[in-house]
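These figures come from a predicted structure and were not determined experimentally.
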Amino acid sequence: MTDTQIFEPEGRAIPYASEGDGPVRLVLVPEPGQDRALGVVAHYLAEEAGFHVVRIGFRDSSGDADGEASVSDRVADLTAVMDHLGFDHAWIGGHGFGGTVARAAVAAHSDRANGLLLLGVEDEDIPLAPVIPVLIVQGSDDEVTPPVNGERLQSTAPERASVKTLPGGHLFPLTHPVETAVIIEEYLDWD
C-alpha cells in the first residue's frame, strides 16, 4: 500500500495518499475513521486498472474554533490537495460522509470534476451539479447510508446517474473491495 503524506497549506495538516500514474484521475474521501476501507479499492484501481488515485483524509480539526471542520472546510482541503498535485480535474468521490464532501466539492467546483462517485449516499440536501455523470455504489444492507438514499438521488438525474448495489452493509468497500473497484473501473473507463 501507499504511504500517507501530509500537505500543510496555511497550517492545515491534510493527510493524503497518492498511487498510480494513469490518465484516469480519481480523488477519494473516506468515511471518517475508515481510511482502510478505501485502501484496497484504491490499490486495485491504481495497479490493475491503471488509474491515478488520491485518497484524502481528514485533517486534525482540534485547532478549529469549534473543534470541527465544516463540509466547506473539507472541500477546501480537497481542492488544495488537487492543486498541490496539479490536478486541474478528476473524478471526485467518497464513502459515506466522504461522499457528502465529494458531492459538495463537485457542486462548488463542477469545472474541476469529470464525474462524481458516491460509495453510499448520506441523506443530505446537496443538489447534483448539472451535466456531471454520477456513479452510486451502495451496500444492499447498509443501515448507515441506506440504499433508498442512493435511489432517491439517482431519480433526480436518471439520464446521467447510475446505481450499482453490492451485497453487504456500510463497509462494503472493505468487505467487497475488488467487486467495488471493478464497478468503478468499468464505469470510469468509458469516460
task = Would you please test Gln154 and Val134 for side chain to side chain contact (heavy atoms under 4.5 Å, CB included) and show each step?
result = CA-CA 8 Å; Gln154 189 269 343; Val134 180; over 6 Å; no
ask   = Does a donor on one side chain and an acceptor on the other come within less than 3.5 Å for Thr100 and Glu124?
value = no
ask   = Between CG of Asp111 and NE2 of His89, what distance do you get to the nearest 0.5 Å?
value = 10.5 Å
Other residues, nucleotides, ligands: >12 heavy atoms within 6.0 Å of Asp88 CG = yes
message = For Arg36, is the CZ atom crowded, meaning more than 12 foreign heavy atoms sit under 6.0 Å from it?
response = no
key: Minimal non-hydrogen separation, Ser18 against His52, with atom names   = OG-NE2, 2.8 Å
key: Val75 backbone acceptor or donor facing Thr79 side chain under 3.5 Å   = yes
ask   = In Å, rounded to the nearest 0.5 Å, how long is the span from CG of Leu85 to OH of Tyr16?
value = 5.0 Å
request  = Specify the closest pair of heavy atoms between Asp123 and Asn149, including all atoms of both residues, with the distance to one decimal.
outcome  = N-ND2, 3.6 Å
ask   = Would you say Asp77 and Phe58 make side-chain contact, with heavy atoms under 4.5 Å?
value = no
ask   = Where the side chain of Arg74 meets the backbone of Ala105, is there a donor-acceptor pair that is under 3.5 Å apart?
value = no
hydrophobic_cluster_shared for Tyr187 and Val163, side chain cutoff 4.5 Å = no
Flag for Glu31-His170: side-chain donor and acceptor within less than 3.5 Å = yes
